[in-house]
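Please read the structure below before turning to the comments.
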Amino acid sequence: MAEVCGTPPDGKAVRRDPAFEITQMNIVTIGEILWDVFDSGERLGGAAFNFSAHAARLGHHVCFVSGVGSDVRGEKALEGMARLSVPSR
């Protein structure tokens, strides 16, 4: 049975269905971390990395398996991963 979990500004009760509760998962992704280079700057990207970053943002435990170079972009990639809560070793 759903439980009432709050009252929004319109006064109608909101029900939360336990069948739709999100459990914290352990997620392993394997793929590349890419740099999207634009005239306006560079941004981290790559489908596997983006998925990992979003899963971490949602509170899941993420293990992203990839490699980065030992250069300036590699260091920036590691900094970006830390900023986005994607662990690295």
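In what follows, every heavy atom counts, from backbone to side chain, and hydrogens, waters and symmetry copies are set aside. We number each residue from 1, following the sequence as shown.
- Judged by distance alone, with hydrogens and angles left aside, the side-chain atoms of His60 form a donor-acceptor pair with the main-chain N or O of Met25 at under 3.5 Å.
- Counting only heavy atoms from C-beta outward, the side chains of Met81 and Ile33 approach each other to under 4.5 Å.
- Considering CG of Leu44 and CG of Asn50, their distance stands at 8.5 Å, rounded to 0.5 Å.
- A distance of 7.5 Å separates CD of Gln24 from CG of Asn26, quoted to the nearest 0.5 Å.
- In the hydrophobic clustering (ILVMFWY side chains linked at under 4.5 Å, chained through shared members), Val28 is joined by Ile30, Val65.
- Annotation: ring pair (Phe, Tyr, Trp, His ring centres under 6.0 Å) contacts involving residues 63-89, sequence neighbours excluded, comprise Phe49-Phe64.
- Judged as a side chain to side chain donor-acceptor pair (under 3.5 Å), and not counting sequence neighbours, Glu79 has no contacts.
- Both Trp35 and Val68 belong to a single network of hydrophobic side chains, linked directly or stepwise wherever heavy atoms of I, L, V, M, F, W or Y lie under 4.5 Å apart.
- For Ser66, the side chain to side chain donor-acceptor pair (under 3.5 Å) criterion is met by no residue, not counting sequence neighbours.
- If you chain together ILVMFWY residues whose side-chain heavy atoms come under 4.5 Å of each other, Phe38 ends up in a group of its own.
- Other residues sharing a hydrophobic cluster with Leu34 under the 4.5 Å side-chain heavy-atom criterion for ILVMFWY residues do not exist; the residue is a singleton.
- Arg57 pairs by the salt bridge (Lys or Arg N to Asp or Glu O under 4.0 Å) definition with nothing, not counting sequence neighbours.
- Considering CD of Glu42 and NZ of Lys76, their distance stands at 6.0 Å, rounded to 0.5 Å.
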(request) List the steps and the verdict of side chain to side chain contact (heavy atoms under 4.5 Å, CB included) for Phe51 and Ile27. (result) CA-CA 10 Å; Phe51 174 80; Ile27 299 172; 3.7 Å; yes

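- Evaluation of the side chain to side chain donor-acceptor pair (under 3.5 Å) rule for His54 yields no partner, not counting sequence neighbours.
- In this view, Arg43 satisfies the side chain to side chain donor-acceptor pair (under 3.5 Å) rule with no residue, not counting sequence neighbours.
- Scored by the salt bridge (Lys or Arg N to Asp or Glu O under 4.0 Å) test, Glu75 finds no partners at all (sequence neighbours excluded).
- Within the structure, salt bridge (charged side-chain N to carboxylate O under 4.0 Å, His left out) pairs that include any residue of residues 26-39 do not occur (at least two apart or interchain).
- Connection of Leu84 to Leu58 is not established within any shared hydrophobic cluster, with ILVMFWY side chains joined at heavy-atom distances below 4.5 Å, either directly or through further cluster members.
- Nearest heavy atom pair, residue Ala48 against residue Thr29, reads O-OG1, 4.1 Å.
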